[in-house]
Amino acid sequence: MLDPVFILAPPRSFTSLVCACVGQHPELLGLPELNLFQADKMEDFWSGREPDGQLRSPFWAVMRHGMLRTVAQFYSGEQTIQSVNMAERWIKTRRDRTSGEVYRELAEHVAPLRIVEKSPGYLRSRVNLDRLIATFPNARFIHLLRHPRGQCESLMSAKGGPALLFMLGSVDRSGEEPVLDPQILWHDANAQILDFLEDLPAERSIQVRGEAFLNDMDATLARICDWLGIRGDAPAIEAMKHPEDSPFSQVGPINARLGNDINFLNAPALRPGGVTVPSLDGPLDWRPDGASFHPRVAEMAREFGYE
Amino acid sequence: MSEPAAPKKKRSAKTVEAPPAKPRRALLAPELNPARAVEGVARMSLKDVVADPALRKMGVELWRQMRGTPEAPPPTSVEDLWKQLPSARLNSSSTADEIDRYRERLSFRATMLEALLEETLHELDLLARAVPADVPEPEPAPEPEKPKSRKRKAA
């Protein structure tokens, strides 16, 4: 069994699309957001509560959908109300196991296919990432990048995006009035990813700019195949260009509808047309004071190759 | 099997120190928002939000915005039967109000479907007794001949 490939990025960085595309390679298997490593024990995963009793997220019930859909698909071959009920029992019978043990069980079940997964929630704490690497010491990581202006504007306009930013503390409180500022999340999530990946051998991770992925897909997919040591022939690349073929690229049954961004689930196919890369200069639309990017955000973005 | 332990080397006067831990990148959140938890990309501390009137106001407004999906008008026509139900749009756990509205729509659908079923069965019943107009009526069956009375031959 090969350790999975994880995609690390702040929310609204094309993670759903990239994960589904890469996961369509004949040697790989893209999964919805499992969120397993946000908990140590499966009991805590199911309850959504931290060891101190605090609820991990007000949306935790929804954040289990990806795991329910995955178990239903793996062990029933379908995602229906009945198979999701079965998946719930499957998870509950493993309540005393660690999330890592259960993740390994899933990975062994689908071997020789190699899992590809992204759960932005893993970035909420370094503990989650340490749990992940302890379970899969040979995991590989795609650090997915997006221009801060594009990512921030997307997050501000997404349904529930501003509330998510608030809950994650992406608020500039340095002035008299608080200002919701997504660049804080963009910076801190990427800083955490860089710190984590620097502790690993260089060949275990790759940086991919989301805009380049969409604008020059064949070349970017070939680069990812080469890095993973998997076949990069035309049929394999073609398969990766059909994220809609995944059984997880659609809305699930009523008792586990999500597991991914609802906008992606409603329209998972690639859309023709390029993505424009915005500029780092100029005022930010979401700042009432007309401020531009924080110097450290601009510096990090330039390190990633943005201008 | 573990390898046999290597003989311990005598420590020289100059001890080799472990390399210092790599400095982590400074995060922006603690600098711009002291109320936020410092570790990782965590979450806002509820206690600090409650204690800060401006943050509290912002949080309440955002929550209302997120929850404030425009209420669908109550269903009134048969066309409403096939409109998307609220659960199809829910992407989070439901509030009591959302569940009530969903129940109302389902209840309306159930009533209408019951009425449609009753009407349909009634129509089927009528249809069973209908006589087609474009098919000629079958010829009336000939009446059976009366048996001829046999005259007894005179003895």
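Note that the structure is a prediction, hence the values are computed from the model and not measured. In what follows, chains are A, B, ... by sequence order, proteins preceding strands, each numbered from 1.
For B/R25 and A/E198, the salt-bridge test passes: some basic side-chain N is under 4.0 Å from an acidic carboxylate O.
Contacts between A/L165 and chain B at a heavy-atom distance below 4.5 Å are absent for every atom of the residue.
Contact count versus chain B (heavy atoms, under 4.5 Å) is highest, among A/V251, A/L180, A/N128, for A/L180.
In this structure, A/D188 contributes its side chain and B/L27 its backbone to no donor-acceptor pair below 3.5 Å.
Between B/L62 and A/P162 the shortest heavy-atom distance is CD2-CB, 3.5 Å. A/R173 and B/A54 make their closest contact through NH2-CB, 3.5 Å (heavy atoms, listed as atom of the first residue, atom of the second, distance).
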Applying side chain to side chain contact (heavy atoms under 4.5 Å, CB included), run through A/R126 and B/R24 and close with a yes or a no. CA-CA 12 Å; A/R126 175 65 189 241; B/R24 300 285 180 205; 3.4 Å; yes
Kindly determine whether A/I184 and B/L32 satisfy side chain to side chain contact (heavy atoms under 4.5 Å, CB included), including the steps that lead there. CA-CA 8 Å; A/I184 299 172; B/L32 298 177; 3.9 Å; yes
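Here A/H294 contributes atom NE2 and B/E31 contributes atom CD; the two are 4.5 Å apart, rounded to the nearest 0.5 Å.
No more than 12 heavy-atom neighbours from other residues, nucleotides or ligands sit within 6.0 angstrom of CD on B/E118.
Contacts of B/K57 classified as side chain to side chain contact (heavy atoms under 4.5 Å, CB included), with partners at least two apart in sequence or in another chain: B/E61.
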